[in-house]
Amino acid sequence: EVTRDEIEAGWRATPAPVRRALGEAARHIARVARAQRPRRRRIVVTPGVQVDLEVYPLARVGCYVPGGRYPLPSSLLMTAVTARVAGVGEIVAVCPRPDPLVLAAARLARVDRLFRIGGAHAVAALAYGTGTIPRVDKIVGPGSAYVTEAKALVSRDCAIDFDAGPSEIAVVTGEGRPAWIAADLVAQAEHDADARAILITWKPALARAVAAEVERLAPRQGPARTALRRNGAAIVVPGREQAMALADRLAPEHLVCDDNEMAAGVRHGAAFVGPWTAQAAGDYATGSNHVLPTGGAARHRGGLSAADFVRVASRQRLTRRGLERLAATVTMLAEAEGLAGHAHSIRTRLR
């Protein structure tokens, strides 16, 4: 376990400008997360029938922080700050190599405990507990293919956020600047050698210009070059409608597009609208969470939010008048399903 003294030492070792940048990112993440928190509500369904929706934060969550080629304090902020805003009682973070930047982020996010451990065994420790690491109610955060598979394996016993695989970006445009588009594609590709970076356009000249810029910008070696060779593409379609239909079918993790009309046509993933909305800004500082579903999973859920760290429970209360109003409906449906005991439980109260 990383001690408080080590965390403080990491904070001091982080340059002041970087600490300020981490602090601003954390404030923006918290601002968005506060708007995401479900609220307690009371609903009068019909006179005499009341349903209260109570919101309870999870008791303890585990935040996985990758420790690969680069330190990722931003991933710790995205998970731990959001959990803290949601009211989680205890936040446990794991990271195989927490450098000073990660330690500084842990201090800012008010992480309760931090362990120097990673990989599939870290996921198992969080899911089931050990003599040192406490069992958590939910595991969140991105990781390697082994981490992702481990989360899937333990998900029957411990809740997880979702499968967060290699990063994806789809830029859909007919008018963007080639240098800017190429920069976005290369930036996303540098995350992982298996990342997917795709341009979809109906302008062949733009596709050729972007391809030339990508070739110029991408480093000769490293994950970005490998990812672009394996999974990079410029797809030319007949028109704007076909471009948006293809993007909708892909359901990419990150969608960069020209305008709000285009963004409205794709209801999946995180959208970045307009030429100034650089996708990298969302990775760090817009406040929108960068822990996002990949591999088409955006079709059935959005990114990590404060709602992922709470549970909503119902509290129902009926008066005699309320039960009388519902009696005919309940008994009719119960008998239609062949559940006579359900119907009897209503009638016996009203005799």
Side-chain angles (χ1 to χ4, degrees), residues 30-63 79-92 110 112 123-124 126-129 134-141 151-163 251 267-268 289 291-293 296-351:
R31 190 169 299 156
V32 174
R34 280 192 289 272
Q36 295 169 334
R37 285 185 303 193
R39 301 291 196 272
R40 180 186 184 278
R41 297 187 62 190
R42 171 164 291 175
I43 302 127
V44 178
V45 181
T46 192
V49 180
Q50 175 182 304
V51 176
D52 292 340
L53 300 180
E54 305 286 354
V55 180
Y56 300 106
L58 302 182
R60 181 188 292 133
V61 301
C63 299
T79 54
V81 170
T82 306
R84 182 63 67 199
V85 168
V88 169
E90 185 179 2
I91 298 172
V92 179
R110 294 185 291 133
D112 294 290
V123 173
L126 291 171
Y128 302 109
R135 180 175 184 168
V136 302
D137 298 315
K138 191 170 193 174
I139 302 169
V140 300
K151 286 169 65 180
L153 287 170
V154 304
S155 62
R156 287 175 292 183
D157 302 311
C158 177
I160 65 170
D161 45 6
F162 43 76
D163 289 347
R267 295 172 296 278
H268 313 303
N289 210 291
V291 181
L292 298 163
R299 289 187 184 88
H300 60 80
R301 69 150 295 152
L304 192 70
S305 79
D308 286 295
F309 296 102
V310 301
R311 62 188 186 278
V312 179
S314 64
R315 299 288 181 267
Q316 304 171 45
R317 185 174 181 83
L318 279 67
T319 62
R320 179 183 177 91
R321 182 186 175 197
L323 186 61
E324 287 172 343
R325 292 178 70 93
L326 297 184
T329 296
V330 175
T331 55
M332 180 75 68
L333 292 175
E335 288 171 347
E337 292 184 348
L339 301 175
H342 284 61
H344 176 74
S345 75
I346 302 298
R347 291 194 181 103
T348 193
R349 282 175 166 80
L350 298 179
R351 284 188 182 131

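Everything quoted here is computed from the prediction, not taken from an experiment. Numbers here simply count residues along the sequence, with the first being 1. Because only heavy atoms are used, hydrogens play no part in the values below, and waters and symmetry mates are left out as well, while side chains stay in.
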Would Leu58 and Arg311 count as a side-chain contact (heavy atoms from CB on, under 4.5 Å) if you check the C-alpha gap in whole Å, the side-chain angles of each, and the deciding distance to 0.1 Å? CA-CA 7 Å; Leu58 302 182; Arg311 62 188 186 278; 4.3 Å; yes
How close do Ala343 and Ala334 get, heavy atom to heavy atom, and via which atoms? N-CB, 3.8 Å
Using the rule given for side-chain contact (heavy atoms from CB on, under 4.5 Å), can you reason through Leu126 versus Cys158, listing the C-alpha separation, both sets of side-chain angles and the distance that settles it, and then say yes or no? CA-CA 9 Å; Leu126 291 171; Cys158 177; over 6 Å; no
Is there a side-chain contact between Arg39 and Leu53 (heavy atoms, below 4.5 Å)? no
CA sep, side-chain torsions, deciding dist, call: Asp52, Arg40, salt bridge (charged side-chain N to carboxylate O under 4.0 Å, His left out): CA-CA 7 Å; Asp52 292 340; Arg40 180 186 184 278; 3.8 Å; yes
Quick check for you: to the nearest 0.5 Å, what is the distance between Arg84 atom CZ and Thr79 atom OG1? 11.5 Å
Scanning both residues in full, the closest heavy-atom pair of Gly302 with Pro293 reads O-CD, 3.6 Å
Got Val330 and His342 here, is their nearest side-chain heavy-atom distance under 4.5 Å? no
Does a side-chain heavy-atom distance below 4.5 Å link Asp161 with Asp308? no
Give a yes or no answer on whether the side chain of Thr348 reaches the backbone of His344 with a donor-acceptor pair at less than 3.5 Å. no
Is atom CZ of Arg301 surrounded by more than 12 heavy atoms (other residues, nucleotides or ligands) closer than 6.0 Å? yes
Kindly compute the distance separating CD1 (Ile346) from CZ (Arg351), expressed to the nearest 0.5 Å. 12.0 Å
In this structure, CG of Leu318 is separated from CD of Glu324 (nearest 0.5 Å) by 11.0 Å
Closest heavy-atom pair and its distance - Ile91, Ala83: CD1-CB, 3.9 Å
For the pair Arg135 (side chain) and Ala127 (backbone), establish whether a donor and an acceptor sit closer than 3.5 Å, ignoring hydrogens and angles. yes
Closest non-hydrogen atom pair, Ile160 against Lys151: CG2-O, 3.6 Å
Between Val291 and Val140, does a side-chain contact (heavy atoms from CB on, under 4.5 Å) hold up when you go through it step by step? CA-CA 9 Å; Val291 181; Val140 300; over 6 Å; no
Which atoms form the tightest heavy-atom contact between Ala59 and Asp137, and what is the distance? N-OD2, 3.2 Å
Does the side-chain contact (heavy atoms from CB on, under 4.5 Å) test come out yes or no for Arg321 and Thr46, once each step is laid out? CA-CA 10 Å; Arg321 182 186 175 197; Thr46 192; over 6 Å; no
Please report the closest heavy-atom contact between Ala313 and Tyr56, naming both atoms and the distance. CB-CE1, 3.9 Å
Side-chain polar contacts of residues 31-38 - donor-acceptor pairs under 3.5 angstrom, sequence neighbours left out - could you list them?
{"from": "Gln36", "atom 1": "OE1", "to": "Ala306", "atom 2": "N", "distance (Å)": "3.1"}
{"from": "Arg37", "atom 1": "NH1", "to": "Val85", "atom 2": "O", "distance (Å)": "3.2"}

Does atom CZ of Arg349 have more than 12 heavy-atom neighbours, drawn from other residues, nucleotides or ligands, at distances under 6.0 Å? no
